[in-house]
Amino acid sequence: MALRAGHLAMGIGALTEAADHFAHAGVVLTDLRDRDQVVSSAVYRARALSLGGDVGSAWRLLSSLDDVGSAGDEARRAAARELLRLRWREEPNPTCLDGDRLAALVDSWLHGLDDPTDRCLAGLARVAAGEIDGPRAHYRDAAADAVAAAEASGDLSLRAEAQLAMRRALMVWPGSFDERRTASEAAVAAARSVDDRELLGRSVRMLHTDAMVAGDRAETLATLATFDVAATAALREHQGLAHAGLAAIEGRYDDADRILTVAAKDLADSDLPATSLEFVRVVLALDTGALAAELAQYEPLIAVIADPALTAAFALAAAVEGDADRCRRFLDDLVPELVADPTPVLWPVSMAMVAEAAAAGDHERCGDLLAALTPFAGSCITPAAASTPWLGSVDRHLGLLALRTGDEGAAVDHLTASLVTHEARRARPWAARSHAALAMALRRVGRDDDADAHAARADALVRELGMGSVALVGEWGVTASRRRVTPGRRATFVREGAGWSVGLDGGGAGRVADLAGMTHLHRLLDTPGSDWHVLDLYGADAGAAVAESSGTEVLDDTARRACQERMRVLTAALDEAEAHADLGRVCRYVPALDDPVTWQLHAPDR
């Protein structure tokens with residue numbers, strides 16, 4: 001009777017009452033020493049608890065069951081499958097599970113690996129353990145084993161679970177996106193064939209994320225409609241995130257806020273946390289320029305948790321606020337970590353924010369970030385297993401980084417591609433960003449009319465959406481930065497005693513005497529993006545005193561124009577020498593900076 005009452009309560013959504021009925025049934029069945037029914041009642045109770053959001057209690061219940069391996073095949077496999085679904089039901093919140101213990105429990109409940117169902121469950125357990133403890137490359141092999149065993153079992157539900165496991169094993173970016181999407185589609189197809197709304201909802205959530213990464217608006221909307229059949233608390237939270245995220249992407253901020261409020265109330269009515277829903281409000285502030293203010297409440301967490309995504313958000317917020325020193329401190333810690341290890345689930349989001357902050361501040365490792373992101377050109381940025389936050393096209397970030405490393409042609413190509421993606425996706429805030437960056441890039445390659453058109457469109461969208469000054473973050477000036485000789489390498493140019501030390505990391509430094517013009521060259525390189533008139537540059541030192549003492553013009557108009565032209569020629573030659581790390585040519589042209597006579601002797605022909 002207690003089991004029947006529990007099932008009835010489950011059927012009407014009374015999960016707390018269902019859990020109580022199943023607990024009572026377990027006590028009675030234990031007294032009757034019906035091992036299979038004891039395990040089954042525990043499985044049902046764990047399901048009621050975890051579907052209601054109490055994954056911790058469900059985990060403690062299942063992990064403390066005695067002698068599950070002595071139960072019949074149906075009971076022990078049901079216990080294993082229920083245990084494996086617990087992580088589904090706590091996302092997107094932090095896990096309370098122990099991955100290694102979960103895998104060990106499942107192994108102990110199996111009767112060997114001769115049966116394909118048992119082989120599949122063993123593979124699923126290894127993938128779950130990897131997901132809980134952090135994605136590891138060899139869990140892809142475990143997922144492949146599970147897929148093969150599921151096919152051999154003929155169990156459609158198990159096939160869907162195995163394809164989901166493969167999707168999870170591939171969710172970090174170094175894996176193939178095409179494989180990832182194929183696994184999601186296979187999981188959805190199998191889940192549609194069985195009566196399991198939770199399995200279908202989770203499969204569609206993965207496919208929805210893949211559609212967002214691809215920038216596929218039609219499939220995004222189609223999967224979101226199917227996603228609305230979700231049955232669990234975790235999927236209800238993801239459902240709210242997906243709908244709010246879509247509204248924000250399109251610039252419908254009031255709709256996004258309303259969706260988050262309704263979703264949070266829905267979860268609160270069930271006594272469930274809505275931490276992720278609240279954090280998404282912070283992401284919305286990225287479009288309004290209020291990111292720093294919204295993030296302030298999370299700043300104490302930086303000292304206690306190593307979360308690259310959170311630190312990256314603070315770096316970007318500092319860049320938006322114009323606090324270059326604070327931004328650089330965050331970047332100096334983050335960039336080496338992200339460049340070295342692209343496997344964390346939040347790597348795409350972390351990398352996107354770091355790339356934008358680094359481009360804004362002209363960080364010396366823009367070249368390394370460009371190289372790390374280039375393989376993902378043509379895709380969009382989301383976490384590996386969720387559709388929010390969506391941070392636009394990778395190509396926009398590549399375009400900004402290419403501008404900082406001096407490749408204006410590549411920048412125009414990337415930024416044009418990003419604009420196409422954003423407009424097809426109806427992502428208006430991101431289209432505004434692409435228009436603003438593309439206008440700057442086009443101006444640098446001399447296409448002023450096209451630049452004016454894109455700038456006007458960016459301004460119109462910014463005014464319409466109330467974006468403030470966040471469409472283009474950082475000080476860019478008119479010309480590209482000349483700080484970097486080779487992308488990703490740090491240049492050395494410092495005064496040492498009576499001379500200068502000039503060189504590149506890894507290539508040694510050369511000693512150069514304090515020749516005429518070295519101070520001026522140092523000043524030019526120390527102020528990238530700034531235009532210096534030759535007389536202003538000269539006047540910063542001794543030239544100012546000469547002009548003041550004479551009370552007359554130092555140069556007439558003809559001489560002034562000749563000086564300016566020669567300076568342009570010499571600057572171009574220096575840029576080329578720096579780009580090829582040619583220290584000899586750099587030192588050859590340096591003395592010509594402030595001596596008209598040596599311009600004639602050393603400057604290259606036009």
Side-chain angles (χ1 to χ4, degrees), residues 167 170-182 184-185 204-224 227 238 241-252 256 280 283-284 286-287 309 312-313 316 338 342 344-356 359 369-370 372-402 411 413-438 461 470-471:
R167 167 61 174 77
L170 292 170
M171 68 183 172
V172 292
W173 274 27
S176 164
F177 172 73
D178 289 338
E179 288 183 76
R180 194 171 92 178
R181 193 167 183 176
T182 297
S184 296
E185 290 170 347
V204 169
R205 181 170 78 81
M206 294 294 100
L207 187 57
H208 175 73
T209 298
D210 296 336
M212 293 287 282
V213 172
D216 187 334
R217 176 177 168 79
E219 186 164 28
T220 295
L221 296 176
T223 51
L224 192 59
F227 195 6
H238 275 290
L241 288 170
H243 280 281
L246 181 61
I249 288 167
E250 297 179 352
R252 296 183 286 110
V280 167
V283 179
L284 298 183
L286 181 61
D287 288 346
L316 181 54
L338 291 174
V345 174
L346 291 177
W347 186 86
V349 170
S350 305
M351 194 66 162
M353 291 188 286
V354 162
E356 182 148 7
L369 295 169
L370 178 63
L373 274 174
T374 294
F376 311 112
S379 60
C380 300
I381 299 159
T382 74
S387 60
T388 303
W390 190 86
L391 297 182
S393 169
V394 173
D395 280 297
R396 187 181 73 89
H397 298 82
L398 292 174
L400 294 173
L401 293 169
D413 290 343
H414 282 303
L415 292 169
T416 300
S418 78
L419 181 58
V420 170
T421 297
H422 293 154
E423 290 190 332
R425 190 68 186 74
R426 300 186 189 176
R428 294 190 299 157
W430 297 97
R433 290 176 168 94
S434 290
H435 277 298
L438 186 54
L461 283 169
V470 300

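Only heavy atoms go into these numbers, but all of them, side chains included; no hydrogens, no water, no symmetry mates.
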Any residue meeting side-chain contact (heavy atoms from CB on, under 4.5 Å) with [X], in chain and number order, not counting sequence neighbours:
{"X": "A309", "value": "D307, L346, S350"}
{"X": "T182", "value": "none"}
{"X": "D287", "value": "Y253, P429, R433"}
{"X": "S184", "value": "R167, M206, L207, D210"}

Within this structure, what is the [atom1]-[atom2] distance for the pair [X] and [Y], rounded to the nearest 0.5 Å?
{"X": "R180", "Y": "L170", "atom1": "CZ", "atom2": "CG", "result": "8.5 Å"}
{"X": "L391", "Y": "E356", "atom1": "CG", "atom2": "CD", "result": "9.0 Å"}
{"X": "L246", "Y": "R252", "atom1": "CG", "atom2": "CZ", "result": "5.5 Å"}
{"X": "L401", "Y": "R396", "atom1": "CG", "atom2": "CZ", "result": "10.0 Å"}
{"X": "S393", "Y": "L398", "atom1": "OG", "atom2": "CG", "result": "7.5 Å"}

Under 3.5 Å, side chain of [X] to main-chain N/O of [Y], donor-acceptor pair present?
{"X": "D395", "Y": "G378", "result": "yes"}
{"X": "H422", "Y": "W430", "result": "yes"}
{"X": "S418", "Y": "L415", "result": "yes"}

What is the minimum heavy-atom distance between [X] and [Y], and which atoms define it?
{"X": "P348", "Y": "T382", "result": "CB-O, 3.4 Å"}
{"X": "A411", "Y": "G399", "result": "CB-O, 3.4 Å"}
{"X": "G251", "Y": "R428", "result": "O-NH2, 3.9 Å"}
{"X": "T220", "Y": "H208", "result": "O-ND1, 3.4 Å"}
{"X": "A247", "Y": "A256", "result": "CB-N, 3.8 Å"}
{"X": "A372", "Y": "M351", "result": "CB-CE, 3.3 Å"}

Would you say [X] and [Y] make side-chain contact, with heavy atoms under 4.5 Å?
{"X": "L286", "Y": "V470", "answer": "no"}
{"X": "L369", "Y": "L338", "answer": "no"}
{"X": "C380", "Y": "W390", "answer": "yes"}
{"X": "M212", "Y": "R425", "answer": "yes"}

### Task
Could you pull out all residues at least two apart from R426 that satisfy salt bridge (Lys or Arg N to Asp or Glu O under 4.0 Å)?
none
### Message
Test of understanding: with salt bridge (Lys or Arg N to Asp or Glu O under 4.0 Å), list the residues that count as partners of D216, not counting sequence neighbours.
### Response
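Applying salt bridge (Lys or Arg N to Asp or Glu O under 4.0 Å) to D216 gives R181.
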